[in-house]
Amino acid sequence: MSPHFLLPRLSPIAASSFSSSSSRDHATPIATCTATASSSYLHGLVGATRSLLLLASLSGGGVEAALLLSRMPSDLVGEKMNSQKFYDAVNFLLSMQSNNGGFPAWEPRRAYRWLEKFNPTEIFEACLIESEHIDCTGSAMQALALFRKLYPNHRRREVDNSISKAIRFMESKQNLDGSWYSCWEICFTEGAWIAVKGLTACGKNYQNCPALSKTCEFLLSKQLPNGGWGESYLSCKNMVYTNLEDNRSNIVQTSWALLALIGAGQ
């Protein structure tokens with residue numbers, strides 16, 4: 001028997017993973033993939049499942065792509081998914097949330113941080129204990145908020161409570177300068193974008209949420225003289241915002257920054 005089946009894991013029903021269903025030993029459900037896949041379906045996209053999961057693994061990008069595809073004629077994108085599948089996906093997301101309100105990638109945190117002192121590896125930091133991520137939490141917030149709007153009667157109290165906890169988690173993780181550290185991309189620019197998407201999906205905006213006004217100030221302070229943004233991978237390593245060499249701008253990070261500023265209503 002594969003070791004995968006000997007470990008206590010969350011139910012994979014309605015969950016999405018990075019790998020295909022043919023690789024069952026590696027098909028561990030992931031919060032951000034499930035969240036973005038759910039959002040994509042809720043916006044009306046039902047296409048080839050495998051293609052959708054590739055989009056979902058791109059987190060916020062999958063949501064944006066699905067929004068565009070949902071405007072296409074139904075004879076091209078297919079019929080809407082069965083409601084029960086939405087319920088299963090949201091049930092899975094609710095089970096993934098940690099007590100502090102954040103969403104991890106693999107499972108809720110089940111142990112104490114001090115166990116990291118026994119980390120036997122030399123190259124992987126903080127790999128023994130699951131951590132909650134801005135990326136996963138922002139994706140889950142978007143999916144749950146949209147689900148609540150379209151399916152208001154399914155576990156409404158639990159969904160409301162989950163969203164409230166996620167908002168508090170997101171706000172608590174903001175740095176004093178208004179930034180958010182993202183573990184999945186480079187780094188503070190993407191963190192600001194995904195945090196803005198999650199908070200605005202739950203009803204927050206520039207006027208009613210100090211966290212959003214602070215992150216707008218942070219992003220504006222990092223804009224380069226040429227009008228763009230360009231963040232180095234060194235931001236991830238040093239956990240301090242670092243411009244690209246020679247203050248070059250990057251079109252992807254410029255897009256993230258602009259989407260965050262527009263989304264926050266700055």
Side-chain angles (χ1 to χ4, degrees), residues 1-12 15-19 23-36 57-60 92-141 144 161-195 198-199 211 214-215 218 231-243:
M1 180 179 292
S2 167
H4 173 81
F5 296 102
L6 300 178
L7 297 175
R9 311 296 291 185
L10 295 173
S11 171
S16 302
S17 65
F18 284 125
S19 56
S23 304
R24 293 193 60 85
D25 285 3
H26 303 284
T28 303
I30 299 175
T32 186
C33 291
T34 304
T36 48
S57 68
L58 296 177
S59 190
F92 168 78
L93 284 177
L94 292 175
S95 73
M96 285 286 288
Q97 191 172 28
S98 294
N99 291 334
N100 64 3
F103 285 81
W106 309 104
E107 63 185 2
R109 187 188 301 187
R110 299 184 179 186
Y112 297 101
R113 184 60 60 192
W114 57 260
L115 286 175
E116 291 290 351
K117 295 183 179 295
F118 299 99
N119 186 346
T121 69
E122 296 180 351
I123 59 174
F124 299 113
E125 181 183 11
C127 65
L128 295 185
I129 306 303
E130 184 59 280
S131 297
E132 297 75 28
H133 301 285
I134 295 298
D135 314 70
C136 298
T137 304
S139 294
M141 291 168 73
L144 290 171
N161 184 53
S162 176
I163 290 174
S164 296
K165 289 171 60 178
I167 291 173
R168 291 194 294 271
F169 170 84
M170 192 71 80
E171 293 176 338
S172 72
K173 289 299 180 179
Q174 187 178 36
N175 297 318
L176 293 177
D177 63 359
S179 66
W180 275 280
Y181 180 85
S182 167
C183 294
W184 290 38
E185 296 286 352
I186 302 175
C187 170
F188 293 100
T189 312
E190 196 268 349
W193 173 55
I194 196 67
L199 289 169
K214 286 176 63 178
T215 200
F218 168 79
E231 185 179 1
S232 168
Y233 75 94
L234 293 173
S235 293
C236 303
K237 177 183 177 181
N238 301 326
M239 302 186 74
V240 176
Y241 188 97
T242 306
N243 285 333

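We number each residue from 1, following the sequence as shown. Below, all heavy atoms of this structure are taken into account, side chains as well, without hydrogens, waters or symmetry copies. Keep in mind it's a predicted model, so treat the numbers as computed, not measured.
- Summarising the geometry, atom CD1 belonging to I194 is positioned 13.0 Å from atom NE2 belonging to H133; distances are rounded to the nearest 0.5 Å.
- Of all heavy-atom pairs between F103 and L93, the closest is CE2-O, 3.1 Å.
- Under a 3.5 Å cut-off, the side chain of T242 and the backbone N or O of V240 do form a donor-acceptor pair.
- Heavy atoms only, all atoms of each residue included: T137 and G101 are closest at CG2-O, 4.3 Å.
- Here the OG atom belonging to S232 is positioned 10.0 Å from the NZ atom belonging to K237, to the nearest 0.5 angstrom.
- Remark: M96 CE to E132 CD distance equals 10.0 Å, nearest 0.5 Å.
- For the pair E171 (side chain) and A211 (backbone), a donor-acceptor distance under 3.5 Å is absent.
- Closest non-hydrogen pair, Y181 versus M239, comes out as CE1-CG, 3.8 Å.
- In terms of heavy atoms, C183 sits closest to D135 at N-OD1, 3.8 Å.
- Ring pair Y241/F218 is perpendicular by interplanar angle, where above 60° counts as perpendicular and below 30° as parallel.
- Closest of all the heavy-atom pairs between I134 and M170 is CD1-SD, 3.5 Å.
- Using modelled atom types, one finds a donor on one side chain and an acceptor on the other under 3.5 Å when comparing S179 with D177.
- For the residue pair L144 and S162, the shortest heavy atom distance occurs at CD1-OG, 3.4 Å.
- In this structure, S95 contributes its side chain and F92 its backbone to a donor-acceptor pair below 3.5 Å.
- N100 places a side-chain N or O within 3.5 Å of a backbone atom of G102 that can act as its donor or acceptor partner.
- Distance SG/C236 to CZ/F188: 8.0 Å, rounded to 0.5 Å.
- Residue L176 holds its CG atom at 6.0 Å from NZ of K214, rounded to the nearest 0.5 Å.
- Distance alone, capped at 3.5 Å, is enough to place a donor-acceptor pair between the E231 side chain and the T189 backbone.
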